[in-house]
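Below: one structure, written as structure tokens.
Position 1 is the first residue of the sequence, and the numbers go up from there.
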Amino acid sequence: MSVSCLTRRSLLWGFPALAWSAGNVRAQGAASASKPERPRVNVALGDSGALYQLPLMVAAQLQYFAAEGLDVEFHEYNGAGPVQQALTKGTCDLAAGGLENAVMLRQRGLECQSFTLLARAPLLVFGVGTRALPGFRQLAQLRGCKIGIAAQDPATHWFAKQVMSRSGLGPDDVEYVALASPLAAVVALRDGEVSAIAYGDPLISLLEARGDIRVAVDTRLLRSTQELFGGPMPGGALYATVEFLQRNPRTAQGVTNAVVKALKWLQTAGPSDIVRAVPEVGQQGDRAVFLNAFEKSREALSPDGVLSDQGAQNLLRLMDRYAPATHPARLAADTVYTNEFARRAKQRFQA
């Protein structure tokens, strides 16, 4: 697997994006009986540090893609917008990101579908700054405060709004501040520019370890996700144009096979297994923090790549509430995803 890093961003610990890739790997006697139509596949990533992308890292490192006859190349872009553009222009064949991206691309006239679920929860955390509110007891105390959200990820804004709504705070009771990077989030918390943040790992685990935040809502946990959204809420997924999936079904199946095998491996992998499978640079500069983040997120990773219809419907309802311009109410849930490939992979690997 080779790497082309279109936007190389230094994350909080300074580890270079996509440095975890496994080098150029060719399939030697691929296990798949049917050769993929497209042995070379380009995958767009919006945030290489996101834990929902760990199955991709594992599939690369353990040569699961190569076993399917695939040479996978990852391209990193700065946020969901450029990733969508890469798919629209055909620069990349597939993309990894929130399921909402397939919905937003449909609004732009591009028929897209998710075909492998990576995480069955958003993996987002709402944390309250310990400096800003040292006596924090309940979220209602945030009335009149500023909340930091990830500038490149609209889902963090919807998540923060849902947290505030469930806490009895209206849209005018708080102010949302877009933070351009994890480092900007650290600075904003330190300088008191925001009193709380809605973000994901690796940033959250680092802030927890430093004692900079108190976790108030944690969708790395399935129970908390159910309580916040009233049911399942999908997180990261692999998605592609419907045309690509129809023209290249063996390729899509090969990718799904590798990822589902990695998902199954992650369900039982111990700390030493993770350390061996993930390059040191992929552990984001702090092994203990990385392993802690993984353990807190493990149950949220999909066990089999299959997306529930209820989860898709809940996402469309959330978007209809907080992003009505995407017209989610006009879509049937099964138009934005297919389980055709994941179910085959699940059966093959007994995931």
ask   = Does the pair Leu56 and Leu45 meet the rule for a side-chain contact (heavy atoms from CB on, under 4.5 Å), with working shown?
value = CA-CA 10 Å; Leu56 303 179; Leu45 306 176; 3.9 Å; yes
ask   = Passes side-chain contact (heavy atoms from CB on, under 4.5 Å), Leu70 versus Thr251? Steps please.
value = CA-CA 8 Å; Leu70 295 168; Thr251 303; 4.1 Å; yes
Check against side-chain contact (heavy atoms from CB on, under 4.5 Å), Lys161 and Met164 = CA-CA 5 Å; Lys161 286 183 174 180; Met164 292 295 94; 5.8 Å; no
request  = Check the pair Leu94, Cys92 against side-chain contact (heavy atoms from CB on, under 4.5 Å), reporting the backbone distance first and the verdict last.
outcome  = CA-CA 6 Å; Leu94 316 173; Cys92 288; over 6 Å; no
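Judged purely by atom type and a 3.5 angstrom limit, Arg131 has no side-chain atom pairing as donor or acceptor with the backbone of Asp191. In terms of modelled atom types and a separation under 3.5 Å, the side chain of Arg214 and the main chain of Val128 share no donor-acceptor contact. For Thr219 (side chain) and Ala121 (main-chain N/O), no donor-acceptor pair under 3.5 Å exists by modelled atom type. Formation of a donor-acceptor pair under 3.5 Å by the Ser224 side chain with backbone atoms of Leu221 is not found in this model. A donor-acceptor pair under 3.5 Å is absent between the side-chain atoms of Arg220 and the main chain of Ala293, judged by distance alone. A distance-only check finds a donor-acceptor pair linking the side chain of Thr130 to the backbone of Gly211 [under 3.5 Å]. In this structure, the side chain of Asn339 engages the main chain of Leu307 through a donor-acceptor pair within 3.5 Å. Remark: side-chain polar atoms of Thr256 are not paired, donor with acceptor, to backbone N or O of Phe341 under 3.5 angstrom. At distances below 3.5 Å, not a single donor-acceptor pair connects side-chain atoms of Gln61 with backbone N or O atoms of Val278.
Rounding to the nearest 0.5 angstrom, the gap separating the OG1 atom in Thr241 from the CD atom in Gln113 is 9.5 Å. Here CZ of Arg210 is found 12.0 Å from OG of Ser205. Values are rounded to the nearest 0.5 Å. Atom CG of residue Leu179 and atom CD1 of residue Ile149 lie 7.5 Å apart, to the nearest 0.5 angstrom. Interatomic distance, CE of Met57 versus CG of Leu51, reported as 8.0 Å (0.5 Å rounding). How far CD1 of Ile204 is from CG of Asp218: 8.5 Å, rounded to the nearest 0.5 Å. Rounding to the nearest 0.5 Å places CG of Leu228 at 6.0 Å from CZ of Phe159.
Within 6.0 Å of atom CD in Gln347, 12 or fewer heavy atoms from other residues, nucleotides or ligands are found, so the atom counts as exposed in its surroundings.
You'll find the side chain of Leu207 reaches within 4.5 Å of the side chain of Val186, heavy atoms only. Asp273 places a side-chain heavy atom less than 4.5 Å from the side chain of Arg276. Between Asn101 and Val83, every side-chain heavy-atom pair lies at or beyond the 4.5 Å cut-off. Looking at heavy atoms from C-beta onward, Arg223 lies out of side-chain contact with Gln226 at the 4.5 angstrom threshold. By the 4.5 Å heavy-atom criterion applied to side chains, Phe290 and Ile274 are counted as neighbours. Side-chain contact between Val43 and Phe65: absent, with no pair of heavy atoms (C-beta onward) separated by less than 4.5 Å. Looking at Phe115 and Glu340, their side chains never come closer than 4.5 Å, going by heavy atoms from C-beta outward. Residues Val289 and Pro202 form no side-chain contact, since every pair of their non-hydrogen atoms from C-beta on lies 4.5 Å or further apart.
Legend: salt bridge (Lys or Arg N to Asp or Glu O under 4.0 Å) pairs involving residues 90-107, not counting sequence neighbours, sorted by first then second residue: Arg38-Asp93, Arg106-Glu111. Applying the salt bridge (Lys or Arg N to Asp or Glu O under 4.0 Å) test to pairs two or more places apart or on separate chains, none has a residue in residues 309-333.
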List the atom pairs, donor and acceptor, that lie under 3.5 Å between side-chain atoms in residues 133-140 and the rest of the protein, sequence neighbours left out.
from   : atom 1 : to     : atom 2 : distance (Å)
Arg137 : NH1    : Gly135 : O      : 3.3

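Pairing each heavy atom of Ala119 with each of Tyr52, the nearest pair is CB-CB, 3.9 Å. Taking all atoms of both residues into account, the shortest heavy-atom contact from Pro232 to Asn314 is O-ND2, 2.9 Å. Pairing each heavy atom of Pro303 with each of Ala351, the nearest pair is O-CB, 3.6 Å. Residue Gly97 comes nearest to Tyr239 through the heavy atom pair N-CE2, 3.8 Å, listed as atom of the first residue, atom of the second, then distance. Smallest separation of non-hydrogen atoms from Phe229 and Pro122: CE1-CG, 4.0 Å. Here the shortest heavy-atom pairing between Ala345 and Asn257 reads CB-OD1, 3.3 Å.
Placement of Leu117 and Val306 in two distinct hydrophobic clusters is found when ILVMFWY residues are connected by side-chain heavy-atom separations under 4.5 Å, directly or transitively. Residues Leu169 and Val125 do not share a hydrophobic cluster, defined by chaining ILVMFWY side chains whose heavy atoms lie under 4.5 Å apart. Note: the hydrophobic cluster containing Ile213 also contains Leu203 (ILVMFWY, side chain heavy atoms under 4.5 Å, direct or indirect links). Val260 and Tyr64 are assigned to two separate hydrophobic clusters, defined by single-linkage of ILVMFWY side chains at heavy-atom distances under 4.5 Å. Side-chain heavy atoms closer than 4.5 Å link hydrophobic residues (I, L, V, M, F, W, Y) into clusters, and following such links, possibly through other members, connects Phe294 to Trp265.
Using a 4.0 Å cut-off between charged side-chain N and carboxylate O, Lys296 and Asp201 make no salt bridge.
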